[in-house]
**Student:** 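Can you read through this structure? Questions will come right after.
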Amino acid sequence: MKYASSCHCGAIAFEVEGEIESLMECNCSICSRKGHVLWFVPKSQVTFQTPESAMSTYTFNKQVIKHNFCSTCGCSPIGFGSDGEGNEMAAINVRCIPDLDLSQYTINHYDGKAL
Ligand SMILES: [Zn+2]
């Protein structure tokens, strides 16, 4: 399955290939503010239609996760990180996939507040 995702103004657009097996909502300081619902995939499953350089990037704390966002419309459809074994991962904010019906999925809650 291929999912098309974009920020609101379209400066960031990409496709994600894969099956959604689980979704996660996290209560850490940034996820709770932004309201992300996340789907983790290897970054190799993401194909950008727009240059990655079009994204602004915010990092904090250990600076290991790249919280990307659009500096024009403010949406944050994708973040980058690593799975702990050095593999590049993408955290897809599925709220930026317009064709996805979130009510069809179970959303797991992750306690990231303590991290
Ligand atoms: Zn935008």
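Quick caveat, the model's predicted, so the values are computed rather than measured. All ligand and atom numbering here is 1-based and tracks the order in the structure.
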**Student:** Calculate the angle formed at the Zn ion (ligand 1) by SG in Cys9 and SG in Cys70; 10° precision is enough.
**Tutor:**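 If I round to 10°, I get 100°.
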
**Student:** Tell me whether Cys73 has at least one N, O or S atom under 2.8 Å from the Zn ion (ligand 1).
**Tutor:**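 Within the cut-off used here (under 2.8 Å), Cys73 does place an N, O or S atom near the Zn ion (ligand 1).
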
**Student:** Under 2.8 Å from the Zn ion (ligand 1) - does any N, O or S atom of Cys75 fall there?
**Tutor:** no

**Student:** Taking the side chain as every heavy atom from C-beta outward, state whether Val16 and Ile78 have any atom pair closer than 4.5 Å.
**Tutor:** no

**Student:** Take Trp39 and Leu100, measure what side-chain contact (heavy atoms from CB on, under 4.5 Å) needs, and give me the verdict at the end.
**Tutor:** CA-CA 12 Å; Trp39 171 33; Leu100 197 70; over 6 Å; no

**Student:** If you measure from CE on Met89 to CD on Gln45, what distance do you get to the nearest 0.5 Å?
**Tutor:**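 One gets 8.0 Å once the value is rounded to the nearest 0.5 Å.
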
**Student:** Indicate the ring-plane relationship of Phe80 and Phe48, choosing parallel, tilted or perpendicular according to the 30° and 60° boundaries.
**Tutor:** perpendicular

